[in-house]
2 protein chains.
Amino acid sequence: MARTRGSVGAETEKAIRKAAVELIAKHGFEAMTLRDLAEHVGLQPGSIYRYIATKDQLLVDIMAEHMETLIAAWRAADRPDADPRLRLEGFVDFHIRYHFQRQKEVVIANLELRSLTPDARRACVGLRKTYEGELRGILEAGITQGFFSPTDSGIATNAIISMLTGVCFWYSPKGKLSADDIIAIHKRLVLGGLSGTPRGEAKIIPLAAGRN
Amino acid sequence: MARTRGSVGAETEKAIRKAAVELIAKHGFEAMTLRDLAEHVGLQPGSIYRYIATKDQLLVDIMAEHMETLIAAWRAADRPDADPRLRLEGFVDFHIRYHFQRQKEVVIANLELRSLTPDARRACVGLRKTYEGELRGILEAGITQGFFSPTDSGIATNAIISMLTGVCFWYSPKGKLSADDIIAIHKRLVLGGLSGTPRGEAKIIPLAAGRN
DNA sequence: CGATTAAACAAACAAGCGTTTGTTTCTAAA
DNA sequence: TTTAGAAACAAACGCTTGTTTGTTTAATCG
């Protein structure tokens, strides 16, 4: 046996990527064997090297591509001139929805940073900071415009990202709540938290009705 | 050479544990070599087996002990009959403070679940659920008593735990903000989020002044 | 002091790892 | 129909891994 009938490189490459994402998300990068990966794709171990440079590079590719796609998708969805409260709701919606449909990539991007070489890690951390910077911008705009109560925007950004990303780790589509339900709950948690009323004061959150 | 002068088993065991926690937190369980671990403790690889049954068991011990200590510490700090809002503040305070001083164990407990054998994983997940159940109980009490706006307590529990635990991954004592600052910010985020005002309504958070 | 046990070493083990090399088979353009 | 290149195999490479075994030295206790 050698070349299998009907095999096409582009398809094999995608199959490798998909299987790799699955295996890394399930067992971790270090625990995934190239032999294991090859078997899942129906190849011999050595054949993988027609499609990857090295095992490390495979991880880098997966992570970097995911982060770049994520950032681009958000920027296409955002309306930078809109009301910060609406933008924030949009961010929560986008983040959770996007992360639901790429749950495995998200798990990898969040757990496997330490498996990267220092250079690659720096690059991926940079991309992550870029994405977080988008949320931070919204928070700062909202604070400046008086919609959110003043707080350290960096800390708040981290806290919110942690909360929203955490969803990927425990959410199951088989649960009783739909994605929409979960998004709604998180919108309330986030927006409520930011308008965090200093102890004992009254608080009003006026927001144009009629939009989801 | 054989037995080194002044060596005591109990101390060696602690040194192994400490080094293991450090290495696993930094590089991941699979990436940590027993040879690497041995070197950090100043032993030969084989000598480690006087103190551990197997590499897997070492991880199980670290994780289980951490979770059990965490639960016990919280139960000692909680006042189950107090106002749910105070208990919630107490939980935020406890969780962050405790996790700050055990940052590495927390990282392990959250990242290495998948490196456990199915049995061990079930056990650790059970312990985690027990801990989360404590927070959930507070939320439900608060909702029942009308202090928190009704929501799915399970989802809210997960969201809050994600947010609070996330701190361990990005917090650095060298930052400009103290632990107290960060705790205060998170208290606001959590309590504010739970009193999440339905759109456009007014909201009051009366809480006994004078405490922290 | 002498015997026993605790604590470590030294050396190897089989298995598995990522990766390379050379070859074989299929596909497609000439 | 011949031929160049694409896609895979088969087999091995050197190395590292977790772990075991037998031995040696230090401490302890009667």
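Letters A, B, ... are given to chains in the order of the sequence lines, protein chains preceding strands, and every chain is numbered from 1. A quick note: this is a predicted structure, and the numbers were derived from the prediction, not measured.
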Engineer: Hey, what bend do you get for the helix from C:dC1-D:dG30 to C:dA30-D:dT1 if you fit axes on five pairs at each end, rounded to 10°?
Structural biologist: 10°
Engineer: Parallel, tilted or perpendicular: which one describes the rings of B:Phe94 and B:Tyr131, with boundaries at 30° and 60°?
Structural biologist: tilted
Engineer: Can you see whether B:Ser153 engages B:Glu140 through a side-chain donor-acceptor pair at a distance of less than 3.5 angstrom?
Structural biologist: yes
Engineer: Closer than 4.0 Å, any side-chain N/O of A:Thr12 to the OP1 or OP2 of D:dA8?
Structural biologist: yes
Engineer: Respond yes when some side-chain nitrogen or oxygen of B:Ser47 is under 4.0 Å from OP1 or OP2 of C:dC9, and no when none is.
Structural biologist: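 Yes, because at least one side-chain N or O of B:Ser47 sits under 4.0 Å from OP1 or OP2 of C:dC9.
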Engineer: Rounded to the nearest Å, what distance is computed from the CD atom of residue A:Gln57 to the P atom of nucleotide C:dT19?
Structural biologist: 11 Å
Engineer: Which sits closer to the 5' end of DNA chain C, A:Arg50 or A:Pro45, going by the nucleotide each is nearest to?
Structural biologist: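 Here A:Pro45 is the residue nearer the 5' end.
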Engineer: In whole angstrom, what separates A:Lys14's NZ from D:dA7's P?
Structural biologist: 14 Å
Engineer: Once you measure the plane-to-plane angle for B:His99 and B:His66, does it fall in the parallel (<30°), tilted (30-60°) or perpendicular (>60°) bin?
Structural biologist: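 Correct class here is perpendicular.
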Engineer: If I take atom CD in residue A:Gln44 and atom P in nucleotide C:dG18, what distance separates them, rounded to the nearest angstrom?
Structural biologist: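 Computing the A:Gln44:CD to C:dG18:P distance gives 15 Å.
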Engineer: What is the distance, to the nearest angstrom, from the CG atom on A:Leu43 to the P atom on C:dT24?
Structural biologist: 20 Å
Engineer: Can you pull the salt bridge (charged side-chain N to carboxylate O under 4.0 Å, His left out) pairs that have at least one residue in residues 64-78 of chain B, sequence neighbours excluded?
Structural biologist: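 Checked against salt bridge (charged side-chain N to carboxylate O under 4.0 Å, His left out) - neighbours excluded - the pairs reaching residues 64-78 of chain B are B:Arg17-B:Glu65, B:Arg75-B:Glu134, B:Asp78-B:Arg87.
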Engineer: Cation-pi between B:Lys14 and B:Tyr51: NZ/CZ under 6.0 Å from ring centre and within 45° of the ring axis?
Structural biologist: no
Engineer: Please state how far atom CD1 in A:Ile48 lies from atom P in C:dT21, giving the value in whole angstrom units.
Structural biologist: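 After rounding, the reported distance stands at 18 Å.
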Engineer: Could you give the OH-to-P distance, from A:Tyr49 to C:dT21, as a whole number of Å?
Structural biologist: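 Computing the A:Tyr49:OH to C:dT21:P distance gives 12 Å.
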Engineer: Looking at B:Gln57, I want to see if its CD is surrounded by more than 12 non-hydrogen atoms of other residues, nucleotides or ligands under 6.0 Å.
Structural biologist: yes
Engineer: Please list, by residue number, the residues of residues 25-36 of chain B whose heavy atoms come closer than 4.0 Å to an atom of DNA chain D; answer none if no residue qualifies.
Structural biologist: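 When residues 25-36 of chain B is checked for heavy atoms under 4.0 Å from DNA chain D, the hits, listed by number, are B:Met32, B:Thr33, B:Leu34, B:Arg35.
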Engineer: Mind checking the CD-CG spacing from B:Glu22 to B:Leu37? Nearest 0.5 Å is all I need.
Structural biologist: 11.0 Å
Engineer: Calculate the interatomic distance between B:Glu39 atom CD and D:dT17 atom C1'; express it in whole Å.
Structural biologist: 15 Å
Engineer: Can you tell me how far apart CD1 (A:Ile24) and CD1 (A:Ile62) are? Round to the nearest 0.5 Å.
Structural biologist: 4.0 Å
Engineer: If you compare all heavy atoms of B:Leu127 against all heavy atoms of B:Ala64, which two are closest, and at what distance to 0.1 Å?
Structural biologist: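 In terms of heavy atoms, the two residues are closest at CD1-O, 4.1 Å.
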Engineer: Counting heavy atoms from C-beta on, name the nucleotide in D:dA7, D:dC9, C:dT19 closest to the side chain of A:Lys55.
Structural biologist: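 Minimum distance to the A:Lys55 side chain belongs to C:dT19.
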Engineer: Round to a whole Å and report the spacing from CD1 of B:Ile52 to C1' of D:dT20.
Structural biologist: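 Checked: the CD1 to C1' distance equals 13 Å.
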Engineer: Choose from D:dT19, C:dT19, C:dA7 the nucleotide whose nearest atom is closest to any side-chain atom of A:Thr54.
Structural biologist: C:dT19
